[in-house]
Structures are given as C-alpha cells and as structure tokens.
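So that the names make sense, note that chain A is the first sequence line, chain B the second, and so on, each numbered from 1. Values in this document were obtained by computation on a predicted structure and should not be read as measured data.
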Amino acid sequence: MKKFVNDPAQFVPEFMHGIALANPDLLSYTPEFQMIVRKSGPDNAKVSVVQGSGSGHEPAHVMAVGPGMLTGACQGAVFAAPAVDSCYETIKACASDAGVLVLVNNYQGDRMAWDMATEMAVAEGINARQFWINDDVAVKDSLYTVGRRGVAGNFFVMKCCGAAADAGQSLDEVEAIAKKVNDNVRTMGVALTSCIPPAKGTPIFDIGDDEMEVGVGIHGEPGRRREKIKSADEITAELFEAVAQDIPFNSGDRVAIMVNGLGGTPITELYVIYAKAHELAEKAGYQVVRNYVGEYCTSLEMAGASLTILRLDAELEKLLDAPAETAARIF
Amino acid sequence: MKKFVNDPAQFVPEFMHGIALANPDLLSYTPEFQMIVRKSGPDNAKVSVVQGSGSGHEPAHVMAVGPGMLTGACQGAVFAAPAVDSCYETIKACASDAGVLVLVNNYQGDRMAWDMATEMAVAEGINARQFWINDDVAVKDSLYTVGRRGVAGNFFVMKCCGAAADAGQSLDEVEAIAKKVNDNVRTMGVALTSCIPPAKGTPIFDIGDDEMEVGVGIHGEPGRRREKIKSADEITAELFEAVAQDIPFNSGDRVAIMVNGLGGTPITELYVIYAKAHELAEKAGYQVVRNYVGEYCTSLEMAGASLTILRLDAELEKLLDAPAETAARIF
Amino acid sequence: MAEISQADIERAIKTTCATVLRNEHYFADLDGLAGDGDFGTSLATGFRQIEKEWDEIPKTDIGAMLLKISMIVSKHVGGSSGPIWGTGFMKAAMLTRGKSEIALQDLAQMLGSAIEGIQARGGAQLGDKTLLDALIPVHEKLTAQAAGGDKAAALKDAAEAADNAVDETRHLVAHRGRASQVGERSANTPDPGIVAIATILQDWCKDCGVERTPTAPEVVKATA
Amino acid sequence: MAEISQADIERAIKTTCATVLRNEHYFADLDGLAGDGDFGTSLATGFRQIEKEWDEIPKTDIGAMLLKISMIVSKHVGGSSGPIWGTGFMKAAMLTRGKSEIALQDLAQMLGSAIEGIQARGGAQLGDKTLLDALIPVHEKLTAQAAGGDKAAALKDAAEAADNAVDETRHLVAHRGRASQVGERSANTPDPGIVAIATILQDWCKDCGVERTPTAPEVVKATA
Ligand SMILES: Nc1ncnc2c1ncn2[C@@H]1O[C@H](COP(=O)(O)OP(=O)(O)O)[C@@H](O)[C@H]1O
Ligand SMILES: Nc1ncnc2c1ncn2[C@@H]1O[C@H](COP(=O)(O)OP(=O)(O)O)[C@@H](O)[C@H]1O
Ligand SMILES: [Mg+2]
Ligand SMILES: [Mg+2]
Ligand SMILES: [Mg+2]
Ligand SMILES: [Mg+2]
C-alpha cells in the first residue's frame with residue numbers, strides 16, 4: 001500500500017487534524033465526532049447548511065466548510081457513512097433560528113444516519129430538514145434500491161445553498177435552491193484504476209490493465225459496463241451523451257461544465273476531457289458560461305474522471321459567483 | 001497506459017487548448033509556440049514575469065498565468081524544455097517597457113533554451129533578464145553539473161514576483177524579490193510510485209512495491225536514496241530535517257509551509273503530512289503563519305509529496321496575500 | 001423458570017461482543033464479496049466500545065442497559081450498521097424500561113419491535129437479502145415458542161431459522177446496502193448481516209448449553 | 001576536387017534526416033537507459049520538420065540554408081538538443097554566409113565554431129560524456145586531413161573517431177544533461193548523442209561510397 005499513513009485506523013482523524021491545523025482562523029475541529037464547523041459558528045439570522053458522508057471524497061464534505069459554503073460537516077470512516085451521533089452533533093453545532101438544511105448524498109448508510117440525526121434534532125426543537133442529492137445518471141432508479149447516487153453535482157448544491165444561506169434566504173428558499181440545482185444537474189464518471197482504503201489495505205475492486213469501468217460510483221460501485229479503454233475523446237463523448245440526454249439539456253441552455261478528477265488523474269488529462277466536452281456542448285447548442293476543472297469529489301487515488309453538466313439561470317449564476325472560502329484553496 | 005489521451009504526440013497542445021477554452025477571458029493561447037499569455041497582454045508600466053518548462057508539472061507554468069502571477073508562459077513536451085523559439089516568442093509577447101523577468105527552474109535544457117531566447121530578445125532591444133530557481137535540497141551542488149534543481153519553491157517565486165510586478169515595482173526590485181524568495185525557500189520530495197509520460201507509454205523509472213525514492217526530482221531523477229516505505233510521520237520527519245537544516249531556518253522565524261502533491265496522492269494524505277510538519281515546525285520554534293497544501297508542482301500521476309519551507313518577512317507576506325487569478329482555481 | 005433475567009441479557013450481550021470481535025476480519029471479508037468490506041470493522045468498533053464501557057453501562061434495568069448500548073452504537077458505528085443496530089437496540093430498550101426480568105413472550109415482542117424499527121429506518125422487506133431475512137423467521141420461532149415457555153427450545157429453533165436463512169438467501173440479489181449497488185453480482189454470495197445473526201445465535205446456544213450443530217458453511221466457520 | 005559543393009551539403013543533410021528518423025525509437029531507448037528517453041523524439045521532430053520544409057529552405061548559399069535549418073531546430077526541438085543542435089547549425093551558418101562551395105578546411109572551421117558555440121551554450125567539457133566527446137576528435141581528424149584535401153579519407157577518419165568515442169566514453173559518468181542527474185548510474189551506458197554523431201558519419205560514408213565497417217555495437221545496430 002503506497003500511501004502516506006501512520007496507523008490506518010487513525011487516518012481520518014489525522015487528516016482532519018491536519019485540515020484544522022492548516023485553517024486555524026476558518027475552522028474548528030471536534031475529534032470526538034469527526035466534525036468540522038466554521039470557526040464563527042452558526043448565525044441565527046442565517047440558515048445553516050450541513051453535510052457529511054464517508055471519507056475519501058475530499059475536498060467534498062469537510063473541506064467545503066467555510067463562509068459561502070457549508071456551516072459544518074462530519075466524516076465517517078473511508079467510504080462509510082458517519083456515525084449517527086456525528087450527524088446529530090453536527091446539526092446541533094450548526095443549529096440556527098433560521099433553520100438547518102442537511103444536504104445528503106443519496107446512499108443508504110448516509111440517509112439512515114442523517115434521518116435518525118435529523119429526527120433527534122427535530123425532537124429537540126431544532127428546525128432541521130434534509131435534502132437528498134442524486135445526480136448520477138449511471139445507475140437507473142429502481143423501486144428496490146435507494147435510487148440514484150449523489151456524486152460530483154453535490155458541489156453545485158453546496159455552493160448555491162451556501163451562497164443563498166449566507167445571503168440571508170429562508171430555509172424554504174434555500175431548500176428550493178437545493179431542489180433547483182439537483183433537478184438541473186447530471187453526472188457520470190469513469191474509472192481507469194481502483195483505489196485502496198488505508199484500513200482495508202487492498203484495492204476495492206479489480207480491473208484489468210486495459211479496462212475501464214464506465215459509470216463507476218465514487219466508492220468503486222460498478223457502473224454501466226466494463227470495457228476496453230478508449231481514447232479520451234471517445235470516453236468524453238460517451239459520458240457527454242449519457243449526461244446530456246438524461247434531463248435532457250436543450251439547445252440554447254446556459255450551462256456549467258465540470259470535469260472532476262477522481263483523485264489519481266493529472267489535471268492536464270482533465271483539460272483534454274474538458275476540451276472535448278466543451279466542443280460537444282457547443283455543437284449541441286449549449287452556452288458554456290461556467291466551467292470547473294479539477295478535483296471536487298474524489299475516490300482516494302482512483303484514476304478516473306466524471307463529467308457534470310448543470311443548467312443555469314440568472315439566480316444560480318449569481319449564487320455560483322458569490323465569494324466562498326474553504327480549506328480547498330490555491331493561494 | 002491508463003490515461004485520458006488521444007494521440008499521445010498531441011497531448012500537450014490538447015491540454016493547453018482545454019485550458020484556453022476554460023479561461024476565455026483570462027488567457028490567450030498560441031498553439032504554434034505552445035504559449036499562453038494573459039488576455040490583457042503586457043502592461044508597459046509594469047514588469048512582465050514569464051516562465052516555461054517541460055509539461056507534466058501542472059499547475060506549474062501555464063496554469064500560473066494571470067493577474068498577480070505570470071504574464072506569460074510556454075510549455076515543452078512532457079518533461080522536456082520548451083523549444084528556443086517558444087521561449088523567445090513568449091518573451092516577445094510579454095515585452096514591456098518596464099522589462100521582462102524570466103524565471104527559470106534550474107535544469108540544463110531549460111537554462112540553455114531561455115539563455116538563447118533571452119539573448120535573442122535582448123539583441124532585439126527587449127529589456128529581459130533571467131533568474132534561476134534552485135530550491136531542491138536533495139541533490140548537492142557540484143562543479144560538474146548544472147547545480148541544484150528548481151522544484152515546488154518555484155510557486156513562491158512566481159507568486160511574489162507576480163505580485164511585486166503588478167504592484168508596479170521595477171525590474172531591479174522584482175529581481176531582488178526573486179532572489180530573496182529563492183534564498184529563503186527550500187524543498188525536498190519523496191516518490192512512492194513512478195509515472196508514465198503519454199508519448200513514452202512506460203514508467204520513467206521502476207520502483208518496488210514497498211520502496212520509496214527519497215529526494216526524488218520532478219522528472220523522476222533519483223534522489224538521496226531508495227529505501228523501504230515508512231510511516232507518514234517518519235517520512236515527514238526526514239523531509240523536514242533535510243529542508244530545515246539546509247539554510248538553516250531558525251527558532252523565531254516566521255515561515256510558510258507547503259505540502260505539495262506530486263500528482264497521484266490524495267489531498268488527505270497531504271494533510272497527514274502537514275499535521276506532522278506543522279508540529280515539527282512549532283517544536284523547532286518557527287511561527288507557521290501561512291500554509292499551502294495541495295498540488296503546486298507535479299510529476300504527472302506520480303504518488304508522492306514534497307515539503308517546502310519559506311522564511312517570511314513583512315514584504316513577502318504582503319506579496320503572498322495579494323490577490324491573483326489563474327487557471328488553477330476552485331470556484 | 002421461563003423468565004429471562006437481567007443477568008441472562010448481560011451474558012448474551014457479552015457473548016455477542018466475543019462473537020463479533022472474533023469475526024471482525026471474517027465478517028469484513030464476507031462484506032467484501034459483494035459489498036464494501038466494512039461490515040466486520042463497523043460492527044466490531046461498536047461491540048469493542050460496549051466492552052470498554054461495560055462497567056459504566058447502567059445495570060439498573062434491562063431497558064436502561066439496552067438504551068445505553070443503542071447510544072454507544074449510534075456514537076461509534078458508521079455505515080448502514082450504525083442506524084440498523086442502533087435502531088434495533090433502541091426499540092428493544094423502549095419495551096423493557098424499568099424491567100429486570102422478562103418473559104420469552106416479551107423477548108419475542110422486543111425483536112418484533114426492533115424489526116419494525118429497522119424496516120422503518122432502512123425500508124428493507126423480507127427477501128431483500130438483509131439481516132431482516134434472518135430476524136423475521138427468528139421472530140416467528142420465538143413467538144411460536146413463547147406460549148410453551150421453553151427457553152432452550154426457543155433458542156434452538158431461533159438459531160436454526162437464522163442458520164437456514166444464510167443458505168436460503170444466498171442466491172438472492174441484494175436490494176439494500178452497498179451490496180445492492182453491484183446488482184446481479186451480489187447473487188451467490190452470503191449476506192454478512194444474516195451470517196452475523198446466525199453466528200450470534202449459535203454462540204448463544206453454546207453459551208446456554210443448548211446442543212446444536214450449525215449447518216451453513218459460513219456459520220460453521222464463524223463459530224469454529 | 002577538394003571542394004565541397006552546396007549539393008554535397010544538401011545531400012549530407014538529407015542523409016542525416018534519414019539516419020535520425022530511422023533511429024527515432026532506438027535513440028530514445030538509448031536515452032532511456034540513463035537519461036529521460038526523449039532524445040530520439042526530440043531530434044526526429046527537428047529533422048522531420050526539416051524534411052517537411054525542405055522545398056522552402058533557401059538554397060541560394062550554404063549559410064542561408066544552415067541558418068534556416070538552425071531556425072527550424074530552434075522552433076521545433078525541445079529539451080537540451082534544441083539549443084545544442086540549433087547553436088551548432090547557427091555557428092556553422094555564420095562562417096558560410098554567401099558561399100556555395102567550401103574547402104575541407106572550411107568544414108573543419110565550421111565544426112570548430114559549432115563546438116565552441118555548444119560549449120559556451122551548455123558548459124560541457126571533453127570527458128563530460130556528451131556529443132562533444134565525439135565532435136572534438138572528429139574536428140581534430142578533419143583539421144589534420146584539411147591540408148591533404150582528400151575528402152574520402154577525411155570522412156573515414158572522422159567516422160572512425162566518432163565510432164571510437166562511443167566505446168571510449170561508455171564507462172564515464174555523465175556530467176551534463178538529464179543523464180547527469182542519475183550520477184554513477186550513467187556509467188556503462190553509451191551516450192545517445194555520441195551514438196547519433198557516429199551513426200550520422202557512418203551513414204555519410206555509405207552515401208559517399210567510402211568503405212568503412214562500424215565497430216561500436218550501438219552504431220552497428222543504428223546503421224543496420
Ligand atoms: N436497509 C437495510 N435494512 C436492514 N439491513 C440492512 C439494510 N442495508 C444493509 N443491511 C444489512 O447490513 C449489512 C451491511 O452493513 P454495513 O456493511 O455496515 O453497511 P453498508 O452496506 O452501508 O456498507 C448487510 O449485510 C445487511 O444485512
Ligand atoms: N551541456 C551539453 N553540451 C553538449 N551536449 C549535451 C549537453 N547536455 C546534453 N548533451 C547531449 O544531448 C544528449 C541528450 O539530449 P536530450 O535528450 O535532448 O536532452 P536532455 O538531457 O535535456 O533530455 C546527450 O546524450 C548528450 O550527448
Ligand atoms: Mg459501508
Ligand atoms: Mg529531456
Ligand atoms: Mg458494508
Ligand atoms: Mg533526454
């Protein structure tokens with residue numbers, strides 16, 4: 001296992017400690033609940049936006065806490081939903097008179113934990129609600145499963161809700177924004193390699209030297225099919241097709257395109273994908289008015305990428321443009 | 001080769017095209033010279049700061065072009081110095097009455113190309129000068145080689161010079177800043193895996209499943225020694241020792257710490273390293289007043305990291321804090 | 001004689017701790033076949049914590065004890081197992097508030113209430129290939145034996161029902177939890193939650209001197 | 001008879017294009033042994049472009065032709081080879097401005113000037129295990145033969161000197177270029193720049209009907 005780790009069982013608290021040390025003015029860290037909350041705490045005049053999920057998707061979740069984004073977040077073990085108490089304590093630490101919106105990526109473990117935590121918080125008089133994000137087009141919804149997965153589109157939900165909340169919008173309004181973003185965002189990913197959770201020590205799945213998994217989930221869940229690796233343009237065209245047809249997006253739409261790296265893919269390769277996606281979007285008549293190329297929702301060191309398209313309107317564009325400050329930063 | 005590429009020979013122009021498409025208001029791209037310049041062009045009242053080097057180190061070089069950072073940059077093939085003409089045309093495109101400062105990472109190919117280009121530009125009446133960056137402590141200077149290598153510390157030189165230039169400082173002053181940063185910054189890296197240049201199709205070096213290369217260069221050059229992989233804390237302590245003793249840094253110094261990912265290492269592991277480096281810095285009596293955790297100077301998809309320490313003063317702190325806008329961004 | 005004392009419940013919990021900790025890696029490996037391989041660790045984290053806090057867990061009555069256990073699980077267990085087992089213990093606790101002795105009938109009702117809670121929490125039905133596929137037949141057996149009041153017979157029947165569930169559900173496709181995300185690929189692997197329930201009941205048999213030989217190969221292995 | 005015409009130089013350049021393109025991968029592999037493996041591609045990129053632009057390259061005089069070639073190299077060749085070969089052609093061009101015929105002596109001087117330029121550019125000395133370790137003895141042979149004026153003998157001597165340089169420098173540690181960064185690990189691998197010079201000269205021999213059998217195994221392979 002080629003990783004920078006000490007005791008694998010302590011991997012999550014150790015990296016959270018590092019994030020907190022690196023952001024002393026921005027964040028407070030509560031090790032007991034693997035929870036990070038804005039240093040300034042919740043503001044009773046503003047809705048709090050919280051999230052939490054398994055680790056291994058960074059910068060998603062705790063690295064998205066800060067002004068303009070999340071109020072607080074908690075982490076589970078790598079790829080495992082956080083403990084119920086972590087979720088409950090995060091809601092409590094972010095409790096605000098204006099209410100708390102819990103943004104949950106749609107996975108069964110996460111949903112159950114946040115369901116319980118939200119029920120407990122509501123029972124204590126906290127005005128908390130949940131919203132489920134499910135932008136992944138790879139897996140079809142089904143009566144028998146918990147439904148579509150929440151993946152990189154999550155970033156846009158957090159960003160827009162965070163901006164709306166900080167602008168003083170009400171809980172109903174912020175929830176309506178979450179719904180608007182979720183209704184207008186679609187994603188599909190492809191994995192070229194597997195990845196190794198530190199505590200497991202072995203790859204989460206096996207994949208041949210010349211194979212890729214199209215439609216992979218962010219925990220290595222199988223997608224639509226396993227096939228021979230293709231050129232960047234062919235892969236991009238396949239992702240684009242799947243994503244674009246789902247809502248569907250229409251000619252004339254103003255859109256944001258995100259090319260998200262799954263962790264082990266260099267940014268240059270993401271730009272090769274972006275170039276093709278941009279061309280296809282223009283060919284389809286979309287106006288590409290925003291773009292996001294980099295790592296937003298990862299699977300540890302997995303080589304791979306996902307393509308997200310978000311349909312915009314004046315409201316969402318303004319929310320995307322609002323300033324935000326998180327542990328994920330360059331300067 | 002598990003990569004998103006089309007024709008490997010077109011990898012560099014394709015990713016540059018993607019960067020340009022993604023930043024239409026910020027950058028202009030000239031494919032003929034693999035050159036990217038600020039859309040606004042040079043400002044005759046301000047010093048231009050340029051750089052260029054082999055590809056594969058992104059976001060270094062072309063992704064550092066923009067207000068507050070570089071005026072322009074050009075790329076060579078992966079890990080190869082740019083062609084002389086690219087360098088020359090980049091200086092010409094950035095020519096300013098206030099002068100041009102060429103920041104060159106200290107590798108022989110890059111130095112020769114920029115030497116020729118600068119001579120050509122000076123012969124044409126452009127007020128251009130070079131400055132060589134050499135922050136890597138891994139390899140000892142020697143009469144027989146071109147000397148120490150320039151690695152992740154490069155970011156601080158670009159950032160401070162870019163800020164000083166945009167603040168209207170003279171060529172002498174901006175050059176003095178480059179020297180101050182370079183004199184006060186030291187780096188050492190460690191690689192856990194190799195990486196595959198697309199046009200080569202095979203790893204640039206072989207390394208055992210349980211080995212690491214301590215003091216690795218950003219093109220996979222061997223470092224101080226090959227040894228069995230250790231815990232994150234032990235590796236960090238070794239990097240810290242090597243970097244801290246070199247200048248040396250002293251108790252009471254105000255410092256910035258950078259933990260730079262080499263491309264294939266998840267950000268969480270970088271934070272595990274940061275936590276230890278921060279602790280060691282505090283133990284040594286340094287005041288850690290800035291930190292940079294993420295990818296600043298990579299080697300394609302190599303798993304690994306480097307540790308950089310920069311001694312600060314009021315001038316450098318102000319320059320680091322100045323706003324900058326480049327293709328490397330989150331929001 | 002048909003009464004179950006506070007001490008009986010305490011012993012059952014302690015036995016369960018041993019079962020879960022002994023099988024930490026085995027249960028994880030089973031989850032790795034079609035799921036994400038964290039089941040063994042998640043469960044062990046919770047029961048290790050129960051052992052650790054054992055002396056502080058209130059022994060005033062069965063309900064207080066189970067409530068505290070539910071809270072420990074909620075605090076320390078992540079993944080789907082946290083809410084599932086936390087809910088189960090919570091529901092059982094609510095029926096035993098203030099009691100330090102219960103009848104077999106009460107035990108059957110506690111399990112019924114836990115099953116209802118788990119179903120409400122995770123939406124799984126019989127046949128979705130989750131631990132409910134073990135708990136539901138176990139509940140039937142306990143209910144059937146409740147009138148007779150023979151604790152040993154009830155336990156033996158219960159263990160047998162769970163043991164059978166392992167083999168009877170092996171061919172099914174999982175519809176809940178991470179294993180549901182691999183679709184058809186989950187068929188022909190045992191569900192780790194069902195194996196865990198069957199193993200725990202088998203260990204309880206041994207502990208209570210009830211003679212029974214496990215049949216499902218995974219339970220044979222986990223109790224060996 | 002001892003004069004070298006514009007046409008002779010043109011033929012030598014075209015032969016060099018063929019040598020370099022034929023050995024693109026082999027030279028890259030040689031650079032991969034201790035360097036970064038880009039030498040073959042870098043050089044081939046330049047000479048492929050020379051072939052492509054051949055018709056537009058001015059043929060008015062040798063100097064104009066070499067200057068344009070130097071410019072093509074500067075534009076298209078990256079790595080250390082761009083400045084090294086670009087400088088070499090530039091220096092040779094400066095001594096042949098306006099000339100369409102030169103003597104063997106002029107050729108020796110052109111090479112001498114190219115060597116000086118390359119040394120000034122990259123700071124390498126004889127023994128640093130770079131293509132200078134081939135060019136310097138080649139220059140000596142050309143100078144020695146210049147008086148006699150026997151082109152064939154001069155070419156044969158030059159090719160032999162470069163050929164020998166491959167074997168004579170094999171054991172050295174590289175002090176310049178990427179290969180210098182591996183230190184001791186560069187010993188016992190041939191320098192690809194030296195092999196390239198020797199191969200080019202050997203191909204020139206063949207092209208001019210000068211009989212010579214290469215000796216260094218890498219040159220044998222590259223000319224096969
Ligand atoms: N919705 C559910 N209801 C009841 N039991 C479930 C449900 N989902 C999963 N399980 C049980 O939990 C076990 C897996 O637990 P765990 O590995 O902790 O969860 P996850 O699937 O989130 O990784 C499964 O083997 C199954 O028996
Ligand atoms: N400073 C130098 N002076 C002369 N020749 C050099 C020098 N450095 C390298 N060379 C030659 O160039 C060859 C390598 O070229 P190339 O692979 O393009 O450069 P790099 O070493 O930058 O990758 C070496 O084999 C050597 O013969
Ligand atoms: Mg899980
Ligand atoms: Mg090179
Ligand atoms: Mg699991
Ligand atoms: Mg080379």
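The stretch residues 266-273 of chain A places A/P266, A/I267, A/T268, A/E269, A/Y271, A/V272, A/I273 near chain B, each with some heavy atom under 4.5 Å from a heavy atom of that chain. Contacts from residues 4-20 of chain A to chain B, taken as heavy-atom pairs separated by less than 4.5 Å, involve A/F4, A/V5, A/N6, A/F11, A/E14, A/F15, A/H17, A/G18, A/I19 in sequence order. For a heavy-atom cut-off of 4.5 Å, chain B lies close to A/A324, A/T326, A/A327, A/A328, A/R329, A/I330, A/F331 in residues 318-331 of chain A.
If you take CE on B/M1 and CD1 on B/I196, they are separated by 7.0 Å, rounding to the nearest 0.5 Å. Taken to the nearest 0.5 Å, the OG1 atom of A/T265 stands 10.5 Å off from the NZ atom of B/K2. Going from atom SG of B/C297 over to atom CE of B/M258 covers 9.0 Å, rounded to the nearest 0.5 Å.
Residues B/H61 and B/N154 form a side-chain contact, since some pair of their non-hydrogen atoms from C-beta on lies under 4.5 Å apart. Counting heavy atoms from C-beta on, the side chains of A/V216 and A/L262 come closer than 4.5 Å. The closest side-chain heavy-atom distance from A/M212 to A/L192 is below 4.5 Å. By the 4.5 Å heavy-atom criterion applied to side chains, A/M188 and A/V214 are counted as neighbours. Between A/P67 and A/L26 the shortest side-chain heavy-atom distance falls below 4.5 Å. Residues A/V62 and A/Y29 form no side-chain contact, since every pair of their non-hydrogen atoms from C-beta on lies 4.5 Å or further apart. Between B/T308 and B/Y296 there is no side-chain heavy-atom pair separated by less than 4.5 Å. Considering only heavy atoms from C-beta on, B/S306 stays 4.5 Å or farther from B/L239 through its side chain.
Residue contact with chain B, scored on non-hydrogen atoms closer than 4.5 Å, involves the backbone and the side chain of A/A305 alike. Proximity to chain A (any heavy atom under 4.5 Å) is restricted, for B/M69, to the side chain, taken from C-beta onward. Of the two parts of A/K276, neither the backbone nor the side chain holds a non-hydrogen atom closer than 4.5 Å to a non-hydrogen atom of chain B.
Partners of A/Y274 according to the side chain to side chain donor-acceptor pair (under 3.5 Å) rule, which considers only residues two or more places apart in sequence or in another chain, are A/H278.
Interface check for chain B: of the options A/A277, A/G263, A/S231, the most heavy-atom pairs under 4.5 Å are formed by A/S231. Each of A/D209, A/I235, A/T298, A/T193 has some count of heavy-atom pairs under 4.5 Å with chain B, and the biggest count is that of A/D209. Contact count versus chain A (heavy atoms, under 4.5 Å) is highest, among B/G304, B/G294, B/P198, for B/G304. Per-residue heavy-atom pair counts under 4.5 Å with chain B were compared for A/I229, A/T236, A/D233, A/V293, and the maximum is reached by A/D233. Of the residues considered (B/E279, B/K230, B/E211, B/R290), B/E211 shows the highest number of contacts with chain A, using heavy-atom pairs under 4.5 Å.
A/N260 and A/A152 get closest at one heavy-atom pair: ND2-CB, 3.9 Å.
Remark: side-chain polar atoms of B/Q34 are paired, donor with acceptor, to backbone N or O of B/Q75 under 3.5 angstrom. B/E58 contributes a side-chain N or O that, together with a main-chain N or O of B/G56, makes up a donor-acceptor pair within less than 3.5 Å. Checking side-chain atoms of B/S194 against main-chain N and O of B/F205 turns up a donor-acceptor pair under 3.5 Å.
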Yes or no on side-chain contact (heavy atoms from CB on, under 4.5 Å) for B/L316 and B/F156, after CA distance, side-chain angles and deciding distance?
CA-CA 9 Å; B/L316 296 187; B/F156 294 114; over 6 Å; no
